Peer 1: 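Here's a structure for you.
Note that the structure is predicted; figures quoted are calculated from it, not measured. Chain letters run A, B, ... following the sequence lines, proteins first, then strands; residues in each count from 1.
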There are 2 protein chains.
Amino acid sequence: MRNSRDDGPAALVRLVATGQAESRAELARLSGLAASSVSLRVEQLIEAGLFAEGGAGVSRGGRRPRRLRLARAAGVFLVADLGARHARLAVVDLAGTPLALSDLACDISVGPEPTLTAVVDGLRRLAGEHGLADVPVRGVGVGLPGPVDPATGQVVSPSRMPGWNDFPVREFTAGHAGTPALVENDANLMAVGEHRASWPDLDNVMVIKLGSGIGCGVIVDGRLHRGRGAAGDISHVRIRSEATVDCSCGHPDCLEAHASGAALAASLNAQGIAVETPAQIVDLVTDGVPQATSAVRNAGRLIGDVLTALVNFFNPDALVIGGSLSNAEPLAATIRGAIYERCLPLATRNLRIATSRAGRDASILGAGHLLLDESGEWIDQTLQR
Amino acid sequence: MRNSRDDGPAALVRLVATGQAESRAELARLSGLAASSVSLRVEQLIEAGLFAEGGAGVSRGGRRPRRLRLARAAGVFLVADLGARHARLAVVDLAGTPLALSDLACDISVGPEPTLTAVVDGLRRLAGEHGLADVPVRGVGVGLPGPVDPATGQVVSPSRMPGWNDFPVREFTAGHAGTPALVENDANLMAVGEHRASWPDLDNVMVIKLGSGIGCGVIVDGRLHRGRGAAGDISHVRIRSEATVDCSCGHPDCLEAHASGAALAASLNAQGIAVETPAQIVDLVTDGVPQATSAVRNAGRLIGDVLTALVNFFNPDALVIGGSLSNAEPLAATIRGAIYERCLPLATRNLRIATSRAGRDASILGAGHLLLDESGEWIDQTLQR
DNA sequence: CTCTCTGACTTCGATTTCGAAGGAAGTTGG
DNA sequence: CCAACTTCCTTCGAAATCGAAGTCAGAGAG
């Protein structure tokens, strides 16, 4: 696990927030600083109201450590994970742990300004309802179902977000909330959340999000790989198939056109089985409806074939299958089988394939972690008073 | 461009060696250290014999800088790029610039010990012949046409290196040469060399090596991505094709079985055209032999199709086409066309596709750079006297 | 040629960080 | 209960680093 993106006091805050360190001694070991320097800085962090001392810890054969934790006044992050017709809102502490959760119905197609205004207002209300109005908000995180340019914080050519193209989401959100803002693709957030929560010691992880669409986030060397904003796209790879289906992107036989939740639903509807959401597909599979199982198996084979090439190329330590469709067991099983059958032994030798452990709030978690990673600035400022 | 993998004096040596800094002032700007600290450390580096002052530089409107360069006594690296029947040997300075080059006929299939012994001895002889016997050797780099486990420096399940499986190449080489050793896959070395020499400011770069086989090296966030040693493999991806060809790996229709130089040669031989090496194929194409051109075009289309998925997924800033086959112009043109046609606009928007600029010694260059990156230890030691 | 401006170093006191030593507060084993 | 460790944390002088001011050496303008 890579730590210390930068150093300075923020590194100490990160270590405590993520639970890696609970005492001055652990901070010294993990940060590489001298014990005396750690003591000094911790003193300052306590004075600034970011850390608090929380009684004595468990002895490891000597004097008991004086346990450190984040002070309540250290602050919170406001986080929203937007879907097409729905947003998941959360107030999380600096560690990313949700303190309050709620759901908000909101149609993303009404455009960015009303959507983002409603989301930020909803977040503030949520914080107030849980008695957190007096706690400083250190940042806002927004997950979106489309590509985000990391340089500008703008959405770029999203396929299912009419009116959002080139809208400066980060700027607008930061302005409206009055805090720093983080804007990121939802699959990327999920990848970060899954990685930090479940596989913190692995350096290279791929997370695929199977829902209505097909998304993918990539952790390289412990950090999110963004590329120019398009990284992780696997949905428009051309697949080998008998029937030809045209994709919304204009090319024939994209993976998404054959194997996404939306494609599966369309295919089942054509067979006279009424479904709308991925969750309903999962239910059908669980109920043993043969057409559903067969469709899901077929999708798994297609997805597995595509992943084969990517696993050989990227050689990850783990491949995590998440998203609402991932609860359909035959799907994961088929993907797993395709990869083990067709990939190089060298690439699968140390590869773990697992379904999501962090669950549906993985994205929330990931946003918290990314916001913490970018917290160097305000931490430094808070200390200088 | 990412610098300062670590800090300390090694960072300054790197900046001077790579030509990024030529004066104390530039070192201060690029390293982030205070000017006074830089002056102090430079003093020590000069005393230790690593740096030398080389007259006055060009004024930028004020006092002229006192130009810094690597001292001759700073040392050299010995580097070898091994192919199946041939090794390219070089003595390079710390900047990676070749001071002496030679070719050595050696059959890799006689096994690791005799091969590596001959290579290291050849390197020492080469240094001696060029009057470099008195200059300290700071490291040995070896490029191999097979997967290398970065953790152990062992070759792992190579397909064309009988007798090398699990052999501790790094350990043996370091022992025989009496210096630190670096062992790396040849395509990876080529990727590093190409990146540092031609595209130092781009963070994410893919380099494919088209020769008898098909290799690929990946630079992520300015650093070589190794994965567990298999990263960058693109040769065993299944392709869509009419005829079925079985690959040596046991699966049908791998890219390598259809589009590698060896596959092209076999196909041309079957048509009654005698060729052996990739260079001869390039000659045929240049001469306008229609069967050769057609075969190369077909290979380009297949390779392009595979790269399409990887470019969408990885979203690199540049894709570099290298290796001896890359001189066949229709090949690169076809690959380029396939990618621009089929990739997401978002992924190709900022993508540069180019043929190799560093040429056939890119691997040598890359080895030099990687050895320099790992030079922190001996630099620190040299300073402490 | 002189005067001013700019950039390249140096000098030197202030600050930060280190690390060895020591005190505090436990555990373990007789 | 006591002596011998261990671990946690602080103290304090030494060392490294910084940064503001000063010096040096050129360019460019008048």
Side-chain angles (χ1 to χ4, degrees), chain A residues 3-4 6-13 15-16 19-48 50-69 376 379-385, chain B residues 3-4 6-13 15-16 19-48 50-69 376 379-385:
Chain A
N3 268 301
S4 59
D6 53 3
D7 31 22
L12 300 187
V13 175
L15 286 167
V16 170
Q20 294 179 77
E22 273 198 334
S23 67
R24 292 164 175 78
E26 284 177 336
L27 279 175
R29 277 193 294 271
L30 292 172
S31 69
L33 296 175
S36 47
S37 310
V38 168
S39 264
L40 248 169
R41 293 230 255 222
V42 166
E43 199 68 24
Q44 294 168 352
L45 285 163
I46 291 176
E47 261 179 59
L50 294 184
F51 279 3
E53 284 200 342
V58 187
S59 166
R60 306 193 315 164
R63 173 177 172 176
R64 283 188 300 211
R66 294 159 64 185
R67 197 179 272 160
L68 296 172
R69 53 182 180 76
I379 291 177
D380 286 350
Q381 283 172 13
T382 309
L383 276 187
Q384 275 164 18
R385 311 187 181 141
Chain B
N3 267 300
S4 59
D6 53 2
D7 32 23
L12 300 187
V13 174
L15 286 167
V16 170
Q20 293 179 79
E22 274 198 334
S23 67
R24 291 164 174 79
E26 286 178 336
L27 279 174
R29 278 193 293 272
L30 293 172
S31 69
L33 296 175
S36 47
S37 310
V38 169
S39 265
L40 247 169
R41 292 230 256 221
V42 166
E43 200 68 25
Q44 295 168 351
L45 286 163
I46 290 176
E47 262 180 57
L50 295 184
F51 278 4
E53 285 200 340
V58 186
S59 166
R60 305 194 316 164
R63 173 177 174 175
R64 284 190 301 211
R66 295 159 63 185
R67 196 179 272 158
L68 295 172
R69 53 183 180 73
I379 291 177
D380 285 350
Q381 284 173 11
T382 309
L383 276 186
Q384 274 164 20
R385 310 185 182 146

Peer 1: Tell me whether the side-chain N/O atoms of A:Arg67 come closer than 4.0 Å to OP1 or OP2 in D:dC8.
Peer 2: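 It does not, given that no N or O in the side chain of A:Arg67 lies less than 4.0 Å from OP1 or OP2 of D:dC8.
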Peer 1: Quick one: what's the B/S/- string for nucleotides 18-28 of chain D, heavy-atom cutoff under 4.0 Å, read 5' to 3'?
Peer 2: BB----BBBS-
Peer 1: Can you sort out the partners of A:Gln381 under side chain to side chain contact (heavy atoms under 4.5 Å, CB included), two or more places apart, ordered by chain and number?
Peer 2: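 Result, side chain to side chain contact (heavy atoms under 4.5 Å, CB included) vs A:Gln381: A:Glu377, A:Arg385.
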Peer 1: Need one value for B:Arg41: base, sugar-phosphate or nothing, where a base atom within 4.0 Å counts as base even if backbone is also close, heavy atoms only.
Peer 2: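 Answer is sugar-phosphate: B:Arg41 comes under 4.0 Å of backbone atoms only.
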Peer 1: Contact between B:Val42 and B:Ile46 at the side-chain level, heavy atoms closer than 4.5 Å - yes or no?
Peer 2: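 Yes, close enough: below the 4.5 Å cut-off.
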Peer 1: Quick one: how far along DNA chain C does chain A reach, first to last nucleotide 5' to 3', anything under 4.0 Å to a heavy atom?
Peer 2: C:dT17 to C:dT27
Peer 1: Just to verify, what does B:Ala52 make a side chain to side chain contact (heavy atoms under 4.5 Å, CB included) with, not counting sequence neighbours?
Peer 2: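 If we apply the side chain to side chain contact (heavy atoms under 4.5 Å, CB included) test to B:Ala52, skipping adjacent residues, the hits are B:Arg69, B:Ala71.
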Peer 1: If the condition is side chain to side chain donor-acceptor pair (under 3.5 Å), which residues does A:Arg63 pass it with, not counting sequence neighbours?
Peer 2: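 In terms of side chain to side chain donor-acceptor pair (under 3.5 Å), with neighbours along the sequence ignored, A:Arg63 is linked to no residue.
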Peer 1: Side-chain donor-acceptor pairs under 3.5 Å in residues 31-39 of chain B, sequence neighbours left out?
Peer 2:
| from | atom 1 | to | atom 2 | distance (Å) |
| --- | --- | --- | --- | --- |
| B:Ser31 | OG | B:Leu27 | O | 2.7 |
| B:Ser31 | OG | B:Leu33 | N | 3.2 |

Peer 1: Can you list everything that forms a side chain to side chain donor-acceptor pair (under 3.5 Å) with B:Glu53? Sequence neighbours excluded, please.
Peer 2: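 Residues passing side chain to side chain donor-acceptor pair (under 3.5 Å) with B:Glu53: B:Arg24, B:Arg66.
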Peer 1: Pairs in or reaching into residues 27-47 of chain B: which pass salt bridge (charged side-chain N to carboxylate O under 4.0 Å, His left out), with residues at least two apart or in two chains?
Peer 2: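 Sorted result for residues 27-47 of chain B: empty, none.
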Peer 1: I'd like to check the side chain to side chain contact (heavy atoms under 4.5 Å, CB included) partners of B:Leu30; sequence neighbours left out, ordered by chain and number.
Peer 2: B:Leu15, B:Gln20, B:Ala21
